[in-house]
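Below, all heavy atoms of this structure are taken into account, side chains as well, without hydrogens, waters or symmetry copies.
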Amino acid sequence: MINTAFTGATGLRQPLLHTKKTNKLARQRAALQFLSGAGSGKSRDSFTISSEARKFSRERIAALVDKSANVSREELSYYFANYNNSRAILDAINFSEGVSCGYNPAFKDYGVMRFHYNGSRQIIPNYAVPKMSAGALPEMRAVNNTLVLDDKSYYAWTAPSGRRYSWAVFSGYIGWASSESMLAEDMDRGENSDRWKMSKAGGILTALAQGREPWEGLYSRKEALATCEKVGIKPGFFSIDAGAGKHTYILRESGEIINVSKDIARWNNMNWIEVGYKEGDTFSIYGNEYAVDSSGHIHISPDDTFTSTDVKFARRDM
């Protein structure tokens, strides 16, 4: 038996005899109350962990989670399985779908990052999200106007302020890594801020990596040209491959971007005989000649070497 004391309703400390088993249960309940913030009177995210809770082992955290914290052990299963694997935790956050974050800068130790992993909802406590060192990451850089970025990889981006940030590449998405951007503290959101300018640059590069021209309603030609030049892309033909296939474009000096991949697909799919051409008619496209075959099609490969931005179709017999 263990002799302890508790404070009763009168405010006086009273003796209490209980077994080791009941003592353990009492400590667990107290720890759960401490972890979940019950009785604090403060409105916090559904899963709250204080600075003291950082010292808890994964086993102790698991023991403290129940419905009062609105989190199940299953939702923490990825975190527990990769408790000592920082890269696995980062990858799960940055390369998963449905990533969101409960975060208030006034309570930076509280809240969780949520994501979908293998069909299940998973969470990582905000305090347990590893920080990346942008200085150790490679810069994005095109070689001979070809930008190739490894899928599910990290790169550094230097903002106009000179500060470097950790960016992620995932299935054609290119931008500030969610594990960093969602937990950024007190960052200016104005139109001249790093956040705003990186959002623009990431949107332009993502559109290009996914086979779309940057929509000029969101991005100006000047912004598109500056973003391309920042990663080493000069006016002329260029291509980008960031996990969503290779896409080829023409960048004009004005910042206009022409989607060569889309044009090639349209021309290859068209039946030219049905629109008035005949077998053997030859088109000059981007410096190469392509003849209409017996099926009415021409065959242009995105891997062909293009030497001109001109497109000339054969004359039709009307």
Side-chain angles (χ1 to χ4, degrees), residues 28 31-38 40 42-134 136-137 150-157 165-171 173-187 195 198-199 202 243:
Q28 285 183 338
L32 175 60
Q33 184 181 45
F34 168 71
L35 179 68
S36 64
S40 66
K42 293 182 179 179
S43 176
R44 297 174 179 169
D45 192 73
S46 61
F47 184 61
T48 61
I49 296 183
S50 72
S51 57
E52 284 300 313
R54 294 185 184 205
K55 303 172 184 177
F56 291 176
S57 68
R58 56 182 170 178
E59 291 79 11
R60 293 181 68 189
I61 293 175
L64 299 174
V65 173
D66 76 352
K67 292 181 180 179
S68 66
N70 196 28
V71 172
S72 69
R73 183 184 178 90
E74 288 72 25
E75 290 173 312
L76 283 162
S77 61
Y78 186 89
Y79 173 49
F80 293 151
N82 295 279
Y83 191 72
N84 294 312
N85 189 338
S86 296
R87 178 59 186 259
I89 291 175
L90 283 174
D91 289 355
I93 294 171
N94 293 311
F95 306 141
S96 296
E97 302 294 338
V99 181
S100 63
C101 180
Y103 175 61
N104 182 335
F107 298 99
K108 65 180 180 179
D109 294 338
Y110 302 103
V112 297
M113 298 200 78
R114 302 173 178 86
F115 56 93
H116 297 291
Y117 185 81
N118 288 340
S120 67
R121 180 177 178 268
Q122 293 291 310
I123 65 173
I124 303 290
N126 285 350
Y127 78 83
V129 177
K131 295 290 292 181
M132 288 188 282
S133 174
L137 299 174
D150 294 333
D151 194 23
K152 296 185 178 181
S153 293
Y154 300 102
Y155 294 85
W157 180 270
Y165 294 87
S166 300
W167 277 31
V169 174
F170 173 46
S171 296
Y173 165 82
I174 304 172
W176 195 7
S178 296
S179 63
E180 303 275 318
S181 63
M182 289 186 176
L183 296 177
E185 298 181 27
D186 303 323
M187 191 165 186
R195 180 186 287 274
M198 287 196 299
S199 176

Can you tell me how far apart [atom1] ([X]) and [atom2] ([Y]) are? Round to the nearest 0.5 Å.
X	Y	atom1	atom2	result
S96	M113	OG	CE	10.5 Å
F95	S153	CZ	OG	6.0 Å
Y165	M198	OH	CE	5.0 Å
K152	S171	NZ	OG	6.5 Å

For the student: nearest non-hydrogen atoms of [X] and [Y], plus distance:
X	Y	result
V99	S178	CG1-CB, 4.2 Å
H116	G98	CD2-CA, 3.8 Å
A184	W176	CB-CH2, 3.7 Å
S179	N94	N-OD1, 2.9 Å
M182	C101	SD-CB, 3.8 Å
Y155	L137	O-CD1, 3.7 Å

Checklist entry - Got a sec, which residues hit side chain to side chain donor-acceptor pair (under 3.5 Å) with S77, two or more places apart in sequence or on another chain? => result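 Result, side chain to side chain donor-acceptor pair (under 3.5 Å) vs S77: Q122.
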Next on the checklist: Listing request: all salt bridge (charged side-chain N to carboxylate O under 4.0 Å, His left out) pairs with a residue in residues 76-89, at least two apart in sequence or in separate chains.
Outcome noted: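 For residues 76-89, and leaving out neighbouring residues, the salt bridge (charged side-chain N to carboxylate O under 4.0 Å, His left out) pairs sorted by first residue read R87-D91.
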Checklist entry - Does the side-chain contact (heavy atoms from CB on, under 4.5 Å) test come out yes or no for W167 and M132, once each step is laid out? => result CA-CA 10 Å; W167 277 31; M132 288 188 282; over 6 Å; no
Listed partners of [X] passing side-chain contact (heavy atoms from CB on, under 4.5 Å), at least two apart:
X	result
K131	E180
I89	Y79, N82, I93, I124, P130
Y173	T206

Checklist entry - Looking at residues at least two apart in the chain, or sitting in another chain, which of them share a ring-ring contact (aromatic ring centres under 6.0 Å, His included) with Y78? => result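 Result, ring-ring contact (aromatic ring centres under 6.0 Å, His included) vs Y78: Y117.
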Checklist entry - Listed by chain and number, what are the ring-ring contact (aromatic ring centres under 6.0 Å, His included) partners of F115, not counting sequence neighbours? => result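 With sequence neighbours excluded, F115 shows a ring-ring contact (aromatic ring centres under 6.0 Å, His included) to no residue whatsoever.
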